[in-house]
Amino acid sequence: MNILLKHIEYPESTELKGYCESGGYKALSKALDMKPSDIVDEVRRSGLRGRGGAGFPAGMKWTIASMDPKKPKYLICNADEGEPGTFKDKPILEKNPHLLIEGMAISAYAIGAEYGYIYLRGEYPEAKEILEKAIIDSYAAGYLGDNILGKGFKFHLFVYFGAGAYICGEETAMIESLQGKRGQPRIKPPFPVNEGFLAKPTVINNVETFANIPYLVEVGAYAYMKIGTPESPGPKLFSVSGSVNKPGVYELPMGTTLREIIYEHCGGIKDGKKLKAVIPGGVSTPIMTADTLDCPMDFVNLPKYGSMLGSGGLIVFDETADLRKVCLRITEFFEHESCGKCTPCREGVGWLSSILKRMCSGEGKPEDVELLLEISKNILGKCFCALGDGAAIVVQGFVNNFRPEMEGRAGAQA
Amino acid sequence: MIVKQRAYEAKEALLMPALYAAQREHGWMSPEAMKSVARALDLPPATVKGFATFYDMFRKKPVGKHVIQLCTNVTCILSGSEDLLSMLSDKFGIAPNETTTDGRFSLVAMECIGACGTAPAMIVNTDFYENLTKESIFSILENYK
Ligand SMILES: Cc1cc2nc3c(=O)[nH]c(=O)nc-3n(C[C@H](O)[C@H](O)[C@H](O)COP(=O)(O)O)c2cc1C
C-alpha cells in the first residue's frame, strides 16, 4: 500500500520539484476544473472517515459547512498529534508537506474557504520549518495565493505553532487557541462546521484525512472505496511502537488485522518474548488482551473487541510489561493535560491517578479497584469534551482486561 | 515574505506567535515579557498571563542555556527513559524543572513528543534525538556547552 507515503520514496520528496515529478498537484488542477459541490459529493460517496480519532465522515462535515450561508469560511488542519503512541502524521508533515497542502487546497475549494491554518504541535519544530518552506514554494508556483493556477481560486494558508497543550488537539479547544484564548473546549452544539473560528463555518480535519484527498479526487470515489473495508474505506497509517522488532509508520488498508500488523509488518515481538497486550489507537483507547489478534483494525471492528481505532497509534506490550504502572502513567498524562474546565475531569482524573499511585507503591486498599471503576463511571459523558472520557475508558479497560494484575495479586497473569 | 505579511488574518491569532517572539528575546515568560506583549497587542495583561500560563512551552521561570526535554510517556518508559531521567538528575544534580547552578542545562520531563517509534527520545532546545542509550545521551549533551 503506497498512497499516503508514496512520494516519500522519491528523493527530495519535501521539495516542490520532487513532489510534482512524482505526480503531485495534478489532483488540484483536476479539482479546480470540477464544481465544488461535485468534489464534496465525491468525498461523501467515498465514505472517507476522519483519521484524527473519532472517524466522523469527512463528506458530511464538508457538506454541512459548504451549505452554511455564513462567510467567510475557514479550513483548519489538525496537526497537533499529541496522543501518546501516535506519530503517523509526522512523516507527512516532515517528508511530504505538499501532499497536505494539495489536500487542503482542494478541500478549501470544495467548501469555499479562503483561509486555512495548520495547527502544528509545538514539539515538531522541524516540521514547522519544512511546512513553512513548502508553503512559500507553493505560493511562488501558484498552488496557493489569490489566483491559484490561474483559475480564479483564492486560498491562503498559514502555520500556527502550538505550545504544548494536548487538549488543543480537541477541535473546539484548537479554535479557542487559534483565537488567542486558553485551549478550553466549547460546548457543542453549535459545531465548528456552523460556528467555528471567529464564529464562522469551519472545517477541521486531521493531517491524514487531508492527505487522502488528492488520491481520492484523482481516482474517484469508486476506485478509492476498493481499498479497505466497506464501512471504513481507504488506506490508513498505523504508527507502531513498544515491544516489536520493527517499530515505525506503516501504510496499510483499513481492516488489516492486528496479527498481520504485529507479526508480518513489524517483525513480531522483540527478543522472542510473548505478546501480553496492545493499545490499538493511542493511549485514550482501551487496552486489548493478546487473544484479540484477529481483530481487523478499523472503525467498526475494534469496538466489537472493546476498544477503538482512535488515531491508529499502536503500543505493543510484551510479557514483562508492568501494566499497572502503564495505567498510572497514562492517567497522570491525562491529569496533566486536563484543561481544568469541567469538574469531573479536572478532579476525577486526579483522583484516578492518586489511587493508582498508591496501588503501584504497595499502599493500595482492597477496595481501590472498585473505586477506580466508580470514579470512571462518574467522569464518563459528563464533560464538554472527550479528554476525561479517554481517561475513564482507559482505566476501565485495564481493570476489565487485567483485573488480577491491577489488584496486585502476586504472579497474576491475565 | 508573503507568508509573514498575511500570516494572521485575525488579530486574535497573534497572541501565540507574539509570546513565542517575546520568549525568544527574554528567555522566559518574565513579567516584563508578558507586559510588552500586552502593550503591543493592546490586550489586558491578565489575558496575556492567563494565556501564557496555560501552555507548557512558555517557561514560567528562567531556564538554562540548553533545555533538555526528555520524553517520559508510555513507549519511552518501556524503553528505559525513567533510568535516563534519573541518570541526568544525578549527573547534573537537578530534579526535573530545575536548572544547573552554572546555568548550562535545564531538565524537563516531557509528555509524548511523537517519537515513539524511535524511543527513548528527547529534544534539546529544538534538536531531536532518538534511540537514546545510557552512553549516547551523555555524548550528545557534550555538544551543548
Ligand atoms: C482530548 C482530545 C485530543 C485530540 N487530539 C487530536 C489530535 O491530536 N489530532 C487530531 O487530528 N485529532 C484530535 N482529536 C480529535 C479532534 O477533536 C477532531 O475530531 C479531529 O481533528 C477531526 O478531524 P478528522 O475528522 O479528520 O479526524 C482530539 C480529540 C480530543 C477529545
Side-chain angles (χ1 to χ4, degrees), chain A residues 81-87 89-90 114-115 117 121-126 132 135-136 139-140 144-145 156-166 168 177-184 197-198 239-243 247-249 279 283 313 315 317-318 321 325-326 329-330 333 336-337 339, chain B residues 1-20 23 29 37 41 43 47-59 69 71-79 81-82 108-119 121 123 125-128 130-131:
Chain A
E81 188 152 79
E83 174 89 6
T86 311
F87 49 104
D89 293 337
K90 205 179 187 186
E114 294 184 348
Y115 291 92
Y117 294 92
R121 68 181 309 210
E123 291 85 349
Y124 285 179
E126 233 165 279
E132 281 177 343
I135 288 175
I136 290 172
Y139 269 100
L144 288 174
H156 291 282
L157 183 60
F158 316 108
V159 176
Y160 190 84
F161 199 44
Y166 166 70
C168 291
S177 179
L178 260 174
Q179 291 187 194
K181 308 250 173 61
R182 296 160 76 91
Q184 294 188 317
F197 185 52
L198 306 176
S239 62
V240 192
S241 67
S243 295
V249 180
I279 290 178
V283 297
I315 308 176
F317 301 93
D318 69 43
K325 195 171 134 195
V326 171
R329 195 64 270 284
I330 293 174
F333 166 75
H336 178 242
E337 299 297 341
C339 77
Chain B
M1 249 184 332
I2 311 162
V3 178
K4 289 276 153 55
Q5 270 171 24
R6 301 183 182 145
Y8 300 104
E9 204 242 349
K11 180 186 154 215
E12 291 85 343
L14 275 168
L15 184 51
M16 182 87 86
L19 284 172
Y20 264 119
Q23 177 158 282
M29 277 298 123
V37 170
L41 298 183
L43 289 169
T47 303
V48 174
K49 188 170 183 187
F51 185 92
T53 50
F54 184 84
Y55 295 92
D56 283 355
M57 295 178 89
F58 296 124
R59 312 271 173 226
Q69 302 160 92
C71 179
T72 55
N73 211 290
V74 176
T75 307
C76 280
I77 63 166
L78 289 176
S79 319
S81 77
E82 281 174 318
V108 182
M110 294 287 278
E111 295 297 0
C112 188
I113 58 175
C116 325
T118 42
I123 306 174
N125 305 329
T126 56
D127 310 328
F128 245 91
E130 304 169 313
N131 294 311

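Just so it is clear, the model here is predicted, and its values are computed rather than measured. All heavy atoms count here, side chains included; hydrogens, waters and symmetry mates do not. Each chain gets a letter, A, B and so on, in the order the sequences are listed, and its residues count up from 1.
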**OP:** Pick one of side chain, backbone, both or neither for A:Cys339, based on which atoms fall under 4.5 Å of a heavy atom in chain B.
**Re:** both
Subject >> Rounded distance [0.5 Å steps], CD in B:Gln69 versus CD in A:Glu123 >> reply: 8.0 Å
Original post:
So which heavy atom on B:Met57 is nearest to which on A:Gly164, and how close?
Top reply: SD-N, 3.5 Å
Subject >> B:Thr75 and its side-chain contact (heavy atoms from CB on, under 4.5 Å) partner, picked from A:Ser243, A:Pro247, A:Ser241 >> reply: A:Ser241
Original post:
Should B:Thr53 and A:Arg182 count as side-chain neighbours, where that means a heavy-atom distance under 4.5 Å?
Top reply: yes
**OP:** Select, from A:Gly85, A:Gly313, A:Gly183, A:Gly248, the one with the greatest count of heavy-atom pairs under 4.5 Å involving chain B.
**Re:** A:Gly183
Subject >> Shortest non-hydrogen separation from A:Ala163 to B:Tyr20 and the atoms involved >> reply: CA-OH, 3.4 Å
Original post:
Is any NZ, NE, NH1 or NH2 atom of the basic residue among A:Lys325 and B:Glu82 found under 4.0 Å from an Asp or Glu carboxylate oxygen of the other?
Top reply: yes
**OP:** Can you sort out the partners of B:Phe51 under ring-ring contact (aromatic ring centres under 6.0 Å, His included), two or more places apart, ordered by chain and number?
**Re:** B:Tyr55
Subject >> Interface moiety of B:Ser79 toward chain A, non-hydrogen atoms closer than 4.5 Å >> reply: neither
Original post:
B:Lys49: what forms a salt bridge (Lys or Arg N to Asp or Glu O under 4.0 Å) with it, not counting sequence neighbours?
Top reply: none
Subject >> Within-4.5 Å side-chain heavy-atom neighbours: B:Glu111 and A:Tyr166 >> reply: no
Original post:
To the nearest 0.5 Å, how far apart are OG1 in B:Thr47 and NZ in A:Lys181?
Top reply: 9.5 Å
Subject >> Separation between SG of B:Cys112 and CZ of A:Phe333, rounded to the nearest 0.5 Å >> reply: 7.5 Å
Original post:
If you tally heavy-atom pairs under 4.5 Å against chain A, which of B:Leu15, B:Val74, B:Val48 wins?
Top reply: B:Val74
Original post:
With a 4.5 Å heavy-atom cut-off, do A:Arg329 and B:Thr72 have their side chains touching?
Top reply: yes
Subject >> Pairs of heavy atoms under 4.5 Å with chain B: top-ranked of A:Glu81, A:Arg121, A:Glu337, A:Glu83 >> reply: A:Arg121
**OP:** Indicate the atoms forming the closest heavy-atom contact of A:Ser177 with B:Met16, along with that distance.
**Re:** OG-CE, 3.5 Å
Subject >> Segment of A:Thr86 engaging chain B (4.5 angstrom heavy-atom cut-off) >> reply: backbone
Subject >> Where A:Gly242 and B:Leu78 come nearest, the two heavy atoms and their spacing >> reply: CA-CD1, 4.3 Å
Original post:
If you look at every heavy atom in A:Tyr160 and B:Pro17, which pair is closest and at what distance?
Top reply: CE1-CD, 4.0 Å
Original post:
Of the non-hydrogen atoms in B:Ile113 and A:Tyr124, which two are nearest, and what is the gap between them?
Top reply: O-CE2, 3.5 Å
Original post:
At a heavy-atom separation under 4.5 Å, does A:Lys90 approach chain B through its side chain, its backbone, both, or neither?
Top reply: side chain
**OP:** Tell me, for B:Ile77 versus chain A, whether the close heavy atoms (under 4.5 Å) come from the side chain, the backbone, both or neither.
**Re:** side chain
